[in-house]
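Residue numbers count from 1 along this sequence.
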Amino acid sequence: MSVFGILGDGLTRVADAITPLFGSAATAAAIVLITLAVRAALHPLARAAARGEKARAALAPQIAALQRKHKGNPERLQKAVADLYAKTGASPLAGCLPTLLQLPVFFVMYHLFSTGGGGLLDHTLLGAPLGGHWSQALADGGLFGAQGLVYLALFVLIGAVATWNFRRARAATATAPKPVPGGGPALPGQPGLGGLAKVLPLLSFGTLITVAVVPLAAGLYMVATTTWTACERALLHRDRKPAPERDPERDGGEEKARERAPEPAAGAAPPARRTPRTRAARQQEARARARTRAKTVTTPQ
């Protein structure tokens, strides 16, 4: 028996165990539950990838400043960036390895739910066969038929998630430091710009096309894993703020200005803070000044 057959049999056992709760939709529920369980097991890798992304984002303003400083000199720019990474202990490819380690698992799960195993695709979800496609649902009842409504619900959910991803990606692109034109070749770990930056946020909507052409079982997997990814990234990057762009030359000038500023003498009292006085206090002070002037006038010379 193949690996996919073994996994399919395991999924069938899970579906049999939860049949009292979900009835005829137990297999579809098992697909979602197993997808979420696998993504939860891979969460440590996702956290490691997020740490790498944050490390690169923290250095992006300094890299942009180096691009301005070494504009037109790619060799010095590459050396300065390498020194910056060595000084901070970061890596331009930090976080890439954890992401790559997750890809084989995603491929196995997608292949399992696309081809079936252990009779997986023989079950249904609210009358829609897990091995069927959206085109078949349209032919059997139309867009608002029993099967069409199942796909329509998936489209609405994946559309909401894609819109959320789109807005987050646009916001991240807007706050990312922009490399200086002509400042040298693209450096590892820097966000893409130009046309690529405009196209990447739209890729989230590609899942809509995928759900429309793959079997329903694979569509359920895509919806579950995409929703998990969106929530996971929002959680891991909830405290991520754009770092202020630093200019080494400007910062150096400010430090020199602070060094030239005179320091207060040792033991000098800090400047007194004026506190608001009441009307009675002001009248009493005025009477005291008047008495002082009167004594000065009456004193014999």
Please determine which of [options] meets the side-chain contact (heavy atoms from CB on, under 4.5 Å) test together with [X].
| X | options | value |
| --- | --- | --- |
| L157 | L152, V223, V211 | V223 |
| Y110 | T115, V214, V105 | V214 |
| L33 | V38, V14, I18 | I18 |

Give the minimum heavy-atom separation between [X] and [Y], together with the two atoms involved.
| X | Y | value |
| --- | --- | --- |
| P44 | A40 | CD-O, 4.0 Å |
| T124 | P129 | CG2-CA, 3.9 Å |
| R168 | A234 | NH2-CA, 3.7 Å |
| A224 | L36 | O-CD2, 4.2 Å |
| Q147 | A128 | CG-CA, 3.8 Å |
| A218 | S114 | CB-OG, 3.6 Å |

Are [Y] and [X] connected into the same hydrophobic cluster when the rule is that any two of I, L, V, M, F, W, Y join if their side-chain heavy atoms are below 4.5 Å apart?
| X | Y | result |
| --- | --- | --- |
| F166 | L208 | yes |
| W134 | I209 | no |
| V32 | L125 | no |
| L11 | M109 | yes |
| F205 | Y221 | yes |

Could you check if a side-chain atom of [X] sits within less than 4.5 angstrom of a side-chain atom of [Y], using non-hydrogen atoms only?
| X | Y | result |
| --- | --- | --- |
| Y151 | L143 | no |
| T35 | F113 | yes |
| I158 | M222 | no |
| I31 | L130 | yes |
| L101 | L42 | no |
| R39 | T229 | yes |
| W164 | C231 | yes |
| Q136 | L216 | no |

What distance do [X] atom [atom1] and [Y] atom [atom2] have between them, rounded to the nearest 0.5 Å?
| X | Y | atom1 | atom2 | answer |
| --- | --- | --- | --- | --- |
| F144 | L138 | CZ | CG | 10.5 Å |
| R47 | H43 | CZ | NE2 | 4.5 Å |
| W228 | T225 | CH2 | OG1 | 9.5 Å |
| L77 | K69 | CG | NZ | 11.5 Å |

task = List for me each residue that meets side chain to side chain donor-acceptor pair (under 3.5 Å) alongside D83, sequence neighbours excluded, and say none if there are none.
result = K79

